[in-house]
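In listed order, ligands and their atoms are each counted from 1. Side chains included, hydrogens not; waters and symmetry mates left out as well; all remaining heavy atoms used.
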Amino acid sequence: MGDCDLTVRIGKMKLKNPVVVSSGTFGFGEEFEDFFDLNRLGAIIPKGISLKPMAGNPPPRIFETDGGIINSIGLQNPGFREFIKNKLPYYKDLKTHLIINFFGNTEKEYVELARRFDNTPGISALEMNISCPNVKRGGIVFGTDPRMAYRLVRAVRRATDLTLIVKLSPNVTDIALMAESVEEGGADAVSLVNTFRAMAVNICTRRPELGNIIGGLSGPAIKPVALRMVWEVSQAVNIPIIGMGGIMKAADAIEFILVGASAIQIGTANLVNPKTGIEVLEGIREYLAENIINRFQNLIGALE
Ligand SMILES: Cc1cc2nc3c(=O)[nH]c(=O)nc-3n(C[C@H](O)[C@H](O)[C@H](O)COP(=O)(O)O)c2cc1C
């Protein structure tokens, strides 16, 4: 069972396996090191980074709902300088890929950040977030307009030689069109989906459950929709897809792979069971063995 080839290529990166932990749900990695050996993951994506530190939205910022959570963290992060100084050194000795999730408020900020990360050793790839629903400006504006997304990706593409992954928003009518636009702009891969705009109300207080009123829904509740979106995108583009949205166990991950994802990300599940990534990895390995498939890559898009 141990000799199955789990490797997969995303741009210039060769992942040892397709299991990646998603931005915002795995802290900066070190918070999870007591639970398992982080080197077993295909890649780690820390919390999204902006040029300047951000305080995030007013509390409460997470609300548990049926089949998922709604969060309105608002991209709280220490900013580029602090990240490089105090967070990046931790990854130096890790033997897995580090993918940096980043975002800006303007095209200039996206380009500036891409250039800075490009000149920083120890980073394998950039995941460009054009899809956060929890901030007033930035991200999502670019993520819902195909022309703007194309222009932004083209500008960032010119600023970096690192593998460029563009993270798409599900809050659009036609996600395949968005994927085509960023592919044309020069993305090496797309990752999808980010969270769905959502809200919850407390009927006793008659107030919204979140300080920001609106947040982003993630977890099992979004899986069928996310899966449909990955399938649609896989019909539309030739670049690799990293699929996510409600993956809690190996069977969920395999569904995403069958509809065309080359790799998958674990998000909300990390908050429920910090070992989900490793359990999903083992489950994929078992599935391949049981089905006598000796290369993981043969499973990608194998939907009948
Ligand atoms: C608490 C929380 C924080 C998040 N922060 C980020 C972030 O900083 N950048 C980003 O691109 N996505 C962020 N996300 C979105 C996740 O990476 C992922 O795309 C989404 O939750 C869907 O996957 P899931 O259903 O497996 O959680 C966050 C999600 C949650 C729940």
Trainee: Are Lys275 and Glu282 ion-paired here, with the side-chain N under 4.0 Å from a carboxylate O?
Mentor: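 No.
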
Trainee: Applying ring pair (Phe, Tyr, Trp, His ring centres under 6.0 Å) to Tyr91 and Phe28, what does each step give before you reach the verdict?
Mentor: CA-CA 9 Å; Tyr91 304 104; Phe28 288 99; 7.5 Å; no

Trainee: Show the protein residues that qualify under the rule heavy atom under 4.0 Å from an atom of ligand 1, listing them in chain and number order.
Mentor: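 Ligand 1 pocket, heavy atoms under 4.0 Å: Ser22, Ser23, Gly24, Thr25, Lys47, Gly48, Ile69, Asn71, Ile73, Leu75, Asn101, Asn129, Lys167, Val193, Asn194, Thr195, Ser218, Gly219, Ile222, Met244, Gly245, Gly246, Gly267, Thr268.
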
Trainee: Can Asn77 and Ser50 be counted as having a side-chain donor-acceptor contact under 3.5 angstrom?
Mentor: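 Yes - a donor-acceptor pair under 3.5 Å links their side chains.
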
Trainee: Under 4.0 Å between a side-chain nitrogen and a carboxylate oxygen: does that hold for Arg115 and Asp118?
Mentor: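 Asp118 and Arg115: not salt-bridged.
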
Trainee: Are Glu127 and Ser191 close enough that a side-chain donor and a side-chain acceptor fall under 3.5 Å?
Mentor: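 Yes.
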
Trainee: Quick one: which of Asn171, Val230, Leu168, Ile222 gives a side chain to side chain contact (heavy atoms under 4.5 Å, CB included) with Val193?
Mentor: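 Answer to the side chain to side chain contact (heavy atoms under 4.5 Å, CB included) test with Val193 among Asn171, Val230, Leu168, Ile222: Ile222.
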
